[in-house]
Structure formats: C-alpha cells, structure tokens
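Both ligands and their constituent atoms are indexed starting at 1 by order of listing. Just so you know, these numbers come straight off a predicted model, no measurement behind them.
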Amino acid sequence: MTNIPVPEDCGAAIDTIRMEWGGRLLILGHHYQDSEILRHADLIGDSLELARGAARATAAERIVFCGVRFMAESADILSHGQRAVYMPAVNAGCPMADMADITQVERAWRAVTGLAPDWLPVAYVNSSAEIKAFCGRQGGLTCTSSNAAKAFEWVFNQQKRVFFLPDEHLGANTAHDLGLSDTAVRIYDPRAWDGGLNAESMKDARVVAWKGFCPIHMVFSPIRIREIRRRWAGAKIIVHPETPKEIVRLADAHGSTAQIIRYVAAQPRGATVFVGTEAHLVRRLADEHQARGVNVQMLTPSFCPNMAKTNLRNLLALLREWPDAARVKVPAATAADARTALERMLALG
Ligand code: 13P
Ligand code: SF4
C-alpha cells in the first residue's frame with residue numbers, strides 16, 4: 001500500500017470516503033482498537049457482537065475489519081463469500097490462535113477420543129479457520145468469551161465431554177463457572193508425549209483444555225491484587241476470562257470485553273474499578289467514566305501489539321486503494337465446515 005503522507009488529516013479523508021460508500025461499506029471495530037479508529041466504525045463490539053454484525057450485514061458490499069485476523073476470517077466465513085472482507089493491517093494475527101495448528105489438533109483428537117469416545121470439540125473463536133472447520137466436521141462448535149458457558153452446556157446436554165482449544169484459561173474458568181471442580185479439567189500439552197494425558201487421569205475429566213494462552217492476559221499478579229485490596233478499600237476488580245484462574249478467583253468479577261464494559265457502567269458515582277484486560281479498552285473506559293465520577297484504573301497496563309497494528313494511515317490507504325493483498329478470504333471448503341461451527345454458536349443466542 002502507498003504510504004500516506006504525514007501530517008495529512010487522515011480522519012477527515014476517511015470520513016469523506018466513508019460517506020461516498022454509504023451503506024455499501026460496513027466498518028467493524030473491536031473494543032481493543034484505539035479510539036481514533038473506533039470513531040470510524042459502524043459497529044463496535046466484542047468478538048461475538050462483531051461476528052453477529054458480519055452475519056447480518058447483507059446490505060454491505062465490503063466489510064473492513066479493524067481487529068485481528070481470526071475475527072476477519074469469521075466475518076468472511078459468515079458472509080458466505082457474498083461480501084468482500086478486508087483488513088487495514090492483514091498481518092495482525094493472534095499469538096494464542098497460533099498456539100494450536102490443525103496437524104497438532106488432529107493428533108490430539110485421536111489421542112483424546114482414543115481414550116474415550118464421548119468428546120466434542122469446542123474452539124474459542126481466537127483460532128484459525130482450519131480449527132473451526134475441524135470443529136464443524138466433528139459435530140462441535142465455536143464460542144467466544146461471552147458464550148463459552150452456553151457452548152459447554154450445549155456439549156454436556158448431549159452427554160458428551162468438552163475438548164476445548166486453544167485457551168487453557170478460558171477453558172478452566174468456564175468449567176469453574178459451571179460448578180466443575182479443578183480435577184474435572186485436564187490440560188492437553190501439545191509439546192508433551194500424548195499431550196500429557198493417560199487413561200487414568202481422563203476418567204473423571206469433563207473438560208480437556210489445550211495448553212494455549214493470551215500473553216496480554218498473563219501479566220496480572222496476585223501481588224498486585226493484594227496491593228489494591230490493601231490500598232484501595234472498596235475498589236472492585238474485574239478481569240477478562242483469558243486470565244489464569246488463580247487471578248480470576250481473586251477478582252470480584254470476570255467477563256468478556258462487552259461484559260466488562262457493562263460492569264463498569266453499572267458502578268455508582270465515587271466507585272473505583274480496576275480492569276484487567278487490554279489497555280486501549282481500559283484507557284477508553286477511564287476517559288468515558290471520569291465525568292460521572294467513576295475512577296477506572298488498569299490492573300496492570302498490557303497492550304495487544306496486533307490490535308495496535310491498525311491505524312488511521314493504513315485504514316485510509318485501504319479505503320483508497322482496496323489492494324487484493326488486504327483481502328481476507330478463507331478457502332471455500334474450509335469456510336463451509338467452519339461456518340457450521342460458527343452457526344451452531346450463533347444459534348445458542
Ligand atoms: P472478546 O471476545 O471479549 O471480544 O475478546 C477477544 C479477545 O481477543 C480477547 O483477548
Ligand atoms: Fe489474541 Fe490476546 Fe491480542 Fe486477544 S488480546 S487478539 S487473544 S493476543
């Protein structure tokens with residue numbers, strides 16, 4: 001893409017192009033994007049809301065996804081190839097999604113179902129299209145951090161057990177939310193022989209969770225939480241469920257980005273709330289709630305470098321040039337099976 005000269009007023013130029021496109025263009029922005037990007041978004045949301053938005057966007061010709069690649073892939077899959085999906089920064093990936101590749105997952109599936117047959121795969125949407133397609137083919141589904149509990153219940157209601165990937169922590173936290181003991185959750189480590197599982201340890205397992213994680217949510221510590229409890233009596237702490245269970249259990253609440261936003265909005269004037277998730281969102285919440293006297297603080301500052309790859313310059317360059325290299329297109333056969341898994345999730349409501 002051509003480099004946009006600085007100090008061009010990218011925001012105004014984006015507004016002009018945006019107006020020309022009208023309803024033929026839908027710009028989606030994840031909560032972790034910078035506010036200057038979200039100002040241009042038609043829909044701002046968490047992964048679930050944006051997937052729903054992409055599925056509903058039948059009037060649009062093009063979708064621009066300001067987020068990371070797995071989200072744009074889901075938008076492409078859910079738009080049945082009818083709308084072209086683009087990213088301002090196509091190299092914005094997700095290290096957690098990269099922690100499970102399809103060859104490893106198929107090997108793990110053979111190992112797990114070889115020990116007992118009653119498993120269904122559940123993939124966090126933070127995963128590749130191939131992993132979602134695998135779930136679709138095997139009778140499973142996807143989930144987001146908003147509806148993971150519903151996805152697990154969907155599996156349990158079929159008298160099956162959950163093979164969850166790629167986030168160990170969302171898997172363990174969701175199992176705990178549903179009242180399962182820690183011993184009902186086993187971790188599959190793709191680097192260990194047979195994943196580190198054996199027939200004995202699997203007997204009481206209800207969930208096997210892939211040993212993957214989000215680096216952005218690994219920085220919160222019990223020491224910091226104890227310090228807050230000591231120094232800020234009455235302050236609330238909320239974290240994203242990608243955070244390890246030891247931290248989640250010390251916090252007052254946990255939830256997806258949309259749930260965090262609602263939690264902060266429900267705090268009364270004078271409250272202080274520490275938020276453990278990506279820093280762009282926390283900074284915006286702090287700005288938005290300052291005027292009504294709610295003090296929003298970062299639990300520990302943590303930025304997602306991939307979310308930060310989208311900026312006004314590459315957004316403007318995309319809207320001017322629409323290069324093929326910026327298009328996100330999942331191969332048709334993979335998309336068909338992945339759509340099955342995503343649509344099973346959307347049907348959960
Ligand atoms: P949400 O599902 O809460 O939007 O989170 C997506 C994500 O990437 C969190 O790291
Ligand atoms: Fe991936 Fe974590 Fe960034 Fe979310 S915050 S996109 S899980 S690296």
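Residue-level proximity to ligand 2 for Glu242 is carried by the side chain, the only part with a heavy atom below 4.0 angstrom.
Of the protein's heavy atoms, Ser47 OG, 3.3 Å lies nearest to atom 6 (C) of ligand 1. Annotation: atom 1 (Fe) of ligand 2 to nearest protein heavy atom, Cys94 SG, 2.4 Å. Scanning the protein for heavy atoms near atom 5 (O) of ligand 1, the closest one is His240 NE2, 3.4 Å. With hydrogens left out, the protein atom closest to atom 3 (Fe) of ligand 2 is Cys304 SG, 2.5 Å, a heavy atom. Nearest protein neighbour of atom 7 (S) of ligand 2, counting heavy atoms only, is Asn126 ND2, 3.3 Å.
Crowding of Asn91 atom CG: a count of heavy atoms from other residues, nucleotides or ligands under 6.0 Å exceeding 12. A 6.0 Å sphere centred on CZ of Arg231 holds no more than 12 heavy atoms belonging to other residues, nucleotides or ligands.
Close contacts of ligand 2 with Pro95, meaning ligand atoms under 4.0 Å from a residue heavy atom, involve 8 (S). Each of the following atoms of ligand 1 lies closer than 4.0 Å to a heavy atom of His217: 10 (O). Listed by number with element, the atoms of ligand 2 under 4.0 angstrom from any heavy atom of Tyr32 are 5 (S). Ligand-side atoms of ligand 1 in range of Ser256: 3 (O), range being under 4.0 angstrom from any heavy atom.
Closest heavy-atom contact between Ile131 and Asp101: CD1-C, 4.0 Å. Ala235 and Arg229 get closest at one heavy-atom pair: O-NH1, 3.4 Å. Across every non-hydrogen atom of Ala149 and Leu178, the tightest pair is O-CD1, 3.9 Å.
Taking any N or O of Thr257, backbone or side chain, at least one lies under 3.5 Å from an N or O belonging to ligand 1.
By heavy-atom distance, the residue among Asn126, Asn147, Ile261 lying nearest atom 8 (O) of ligand 1 is Asn126. Of the candidates His31, His30, Glu242, the one placing a heavy atom closest to atom 10 (O) of ligand 1 is Glu242.
Ligand 1 does not have Met96 within reach: every non-hydrogen atom of the residue lies 4.0 Å or more from it.
The distance from the CD1 atom of Ile237 to the CD1 atom of Ile225 is 5.0 Å, given to the nearest 0.5 Å. Going from atom CE of Met96 over to atom CD of Glu168 covers 10.5 Å, rounded to the nearest 0.5 Å.
Taken together through direct or relayed side-chain contacts under 4.5 Å among Ile, Leu, Val, Met, Phe, Trp and Tyr, Met218 and Ile247 form parts of separate hydrophobic clusters.
The side-chain tip of Arg344 does not point at the ring of Trp154 from less than 6.0 angstrom away and within 45° of straight on. Judged by a 6.0 Å distance limit and a 45° cone about the ring axis, Arg161 is not positioned over the six-membered ring of Phe156.
Because the distance cut-off is set at 2.8 Å, Cys214 fails to qualify as a neighbour of atom 1 (Fe) of ligand 2, as none of its N, O or S atoms comes that close.
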